[in-house]
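Counting begins at 1 with the first residue of the sequence.
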Amino acid sequence: MAFMEQQPQPMIGRKPPLDDTVPLTAVIEASQSLQSHTEYIIRVQRGVSTDNSWTVIRRYSDFDMLNNSLLISGLNLPLPPKKLLGNMDREFIAERQKGLQAYLNYITCHHILSGCELVKKFLDTNNYSANYTEIALQQVSMFFRSDPKWEVIEPLKDIGWRLRKRYFLIKDKDQPKDKQVLSWVDLGPDKFLSDKDLLSAMKLLPTLSHSNISPVTFAATSESSALVIRVFSEKGTLRDHICKVKPKEPFLKKYCNPKKIQGLEQQQIQTYGRQILEALKFLHDKGFPYGHLHASNVLIEEDTCKLLDIENSLLGLPSYYRPYVTQFRKINTTESVDVYSFGHLLYEMTYGRPPDAVPVDQYPPPPSSSVVSVLQSILSTEACKTGMPTVSQLLQTPLFSDTLLFNSEKPQFKISSKLKEALKSSKECLEKRLVEEQRTIHQHKRLTRAQSHHGSEEEKRKRKILARKKSRQSTYETEEDLSVKYNNNSGSGASSPPTCPSSPTPLPGSGAPPAPPLPPAAPPPPGIEPVPPSLSPPSANGVGRSALLSSIQSFNKGKLKKSETLDHSGPRL
């Protein structure tokens, strides 16, 4: 059965495709020492949900093997050094664990390393244990049996960044001098077209004609993958041109730490930028989603830029910049994703390297101030929060509006109205998944900030001060309450009976018998209601305290009744 004639299996009962762009985080929770080595227990989490986590156990030798494989990147990776003697000491194991944690933080935060197959297999063996090269060879061999005019020249190993995509350099037996590149890829998590609509859209790709879009020779799909053939460019991509590298080299070696990067000249920036924007506008006007613009997806042929991989959105593949896009809720459409990606591309064309972090508010000296104005409208903090310009608005900026293009080829791409509706529905589902992921990440950020703020030393100190203020306020209100009660009791006439002056309190140790209990107060005369004490709460403005002070100041000693005292202390004869 031919490759494109295989009937796709229904998704019911099948595991949905994994989004390989969702970042992994790794934390070493503990270490356990065995007889001759130490094992480190690593908690790995996919995305922000703690429910999607698992543990892996790795030895230092596993870290060392991973590091040796990543040396092709040319980066100076912070792996702790080996130690032959004393490597089982507790203090050494604790220090090594800190070093290994720093190593994991570095590789999981690096945009290229975190997405490579080596790191994914190290942290998530269950999901990345398949041999994608073998799977691709089986699918490609099946295709060659159905169409024997093609012949493989050589596999292009690891020239791309996608884990589930493989490339082969092939040729047509009738035209052996014309080299073509065959790409095989698994269907992605954003594949929302029906199998019938997907097959129809893939058949249309070879009919697309645009001077700034790389033509497709052949495209087909199977039950879970797709195969595309297009012309191979010996000069490579725009990123190859900027980094001064060979197109056939592995992706890690070419782009992780290039030695000879160089930005483009002002005229090239204007020409290439205008060509890329024209291609994006053409696709947007046709209702064809793209969302996969980056420097490695732009071919350079005779000073002309041509977009690559326009089929990616049909196949449901996540964008190269998706880990960035999910951080900003204003980038919620495929058009805004294209504009944001163009900002990255323009920065790379200008300075020879991608931005270290986004948003970007400070820029090195550019070749032209008009470049910075466009970059600020896309990559600044304000733009990421409030929104970005459209492709049409970018074409009207002074940087690109004065650039003339000479296109001898008239753009052509006919899409039926039924397929347009299917593409529109698929695009809406893709954007809905993006918005839901952005919402989840935003809520996680808010919760993390709240927890961090609540646990900070400054916040603890503020809570202590507030507790002291509340305690003082409570004490103050209690004093006011007591003072008001005392003032009301002193002027009511129903206070406790006075102490008899003829019964002095005996001194301690005098041996005098205790005074008898006082008789209860006499009941009020019949017909007269007792006056209850005042139950009004103490005034908050200090009225009760003022009344007490007033009664003390108006006290007159002369109004007191004189009492007679009989002295029986002397001896009587």
Side-chain angles (χ1 to χ4, degrees), residues 17-25 46-49 108-115 160-163 188-192 239 255 276-277 280 283-284 288-298 307-348 354-361 374-391 393-394 426-446 448:
L18 194 66
D19 189 346
D20 299 323
T21 62
V22 177
L24 300 180
T25 55
R46 182 186 306 279
V48 297
S49 175
T108 53
C109 292
H110 194 280
H111 180 63
I112 297 179
L113 290 183
S114 60
W161 67 276
R162 293 192 185 275
L163 280 72
D190 286 326
K191 185 258 180 185
F192 295 107
R239 184 167 289 166
Y255 306 135
I276 293 168
L277 289 174
L280 291 177
L283 293 176
H284 293 176
F288 193 92
Y290 184 48
H292 293 269
L293 177 64
H294 58 90
S296 296
N297 264 0
V298 179
L307 297 188
L308 282 171
D309 293 351
I310 60 170
E311 71 276 2
N312 282 358
S313 59
L314 304 177
L315 304 177
L317 304 182
S319 169
Y320 179 76
Y321 289 119
R322 188 177 180 88
Y324 294 90
V325 170
T326 52
Q327 307 299 317
F328 307 107
R329 304 180 73 178
K330 285 294 182 180
I331 312 175
N332 50 18
T333 63
T334 54
E335 290 83 4
S336 60
V337 171
D338 285 332
V339 172
Y340 175 80
S341 303
F342 180 78
H344 273 261
L345 180 59
L346 181 61
Y347 188 101
E348 198 167 346
D356 296 329
V358 178
V360 183
D361 295 315
V374 175
L375 289 174
Q376 288 175 338
S377 69
I378 301 175
L379 299 181
S380 65
T381 303
E382 183 68 19
C384 292
K385 287 184 177 180
T386 60
M388 303 173 184
T390 63
V391 171
Q393 291 171 341
L394 289 174
S426 172
K427 175 177 172 292
E428 290 173 352
C429 293
L430 183 153
E431 293 169 351
K432 181 180 178 182
R433 190 178 87 88
L434 174 61
V435 170
E436 290 175 352
E437 187 173 348
Q438 289 172 336
R439 184 186 300 114
T440 302
I441 293 176
H442 179 70
Q443 292 174 351
H444 174 74
K445 283 183 176 180
R446 292 184 60 184
T448 303

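Between Tyr255 atom OH and Ile112 atom CD1 the span is 9.0 Å, to the nearest 0.5 Å. Here the OG atom belonging to Ser319 is positioned 10.0 Å from the CG atom belonging to Asp19, to the nearest 0.5 angstrom.
Put simply, the side chain of His292 gets close to the backbone of Leu317: a donor and an acceptor are under 3.5 Å apart. At distances below 3.5 Å, not a single donor-acceptor pair connects side-chain atoms of Asn297 with backbone N or O atoms of Asp309. The main-chain N or O of Gly291 is found under 3.5 Å from a side-chain atom of Asp338 such that the two form a donor-acceptor pair. Here the side chain of Gln438 pairs a donor or acceptor atom with the backbone of Val325 at under 3.5 angstrom. A donor-acceptor pair is defined here as one N or O able to donate and one able to accept, closer than 3.5 Å; no such pair exists between the side chain of Glu335 and the backbone of Val391.
Across Leu293 and Ser341, no two heavy atoms sit closer than the pair O-CB, 3.2 Å. The minimum heavy-atom distance between Val22 and Glu437, with the atom names listed, is CG2-OE2, 4.2 Å. Nearest heavy-atom pair, Val298 versus Leu308, reported as atom, atom and distance to 0.1 Å: N-CD1, 4.5 Å. Minimum interatomic distance between Ser377 and Ala383 (heavy atoms only, all atoms of both residues): O-CB, 3.3 Å.
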Checking Asn312 against Arg162 for the side-chain contact (heavy atoms from CB on, under 4.5 Å) test, could you report, in this order, the C-alpha distance in whole Å, the side-chain angles of both residues, the deciding distance, and whether it holds? CA-CA 11 Å; Asn312 282 358; Arg162 293 192 185 275; 3.7 Å; yes
Does the side-chain contact (heavy atoms from CB on, under 4.5 Å) test come out yes or no for Glu348 and Arg239, once each step is laid out? CA-CA 8 Å; Glu348 198 167 346; Arg239 184 167 289 166; 2.9 Å; yes
His111 and Tyr324: side-chain contact (heavy atoms from CB on, under 4.5 Å), yes or no, with the steps? CA-CA 10 Å; His111 180 63; Tyr324 294 90; 3.5 Å; yes
Go through the steps for Tyr290 and Val337 under the test side-chain contact (heavy atoms from CB on, under 4.5 Å), then give the verdict. CA-CA 9 Å; Tyr290 184 48; Val337 171; over 6 Å; no
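Tyr340 and Phe328 have tilted rings, their planes meeting at an angle from 30° to 60° on a 0 to 90° scale.
For the pair Glu428 and Lys432, the salt-bridge criterion is not met [side-chain N within less than 4.0 Å of a carboxylate O].
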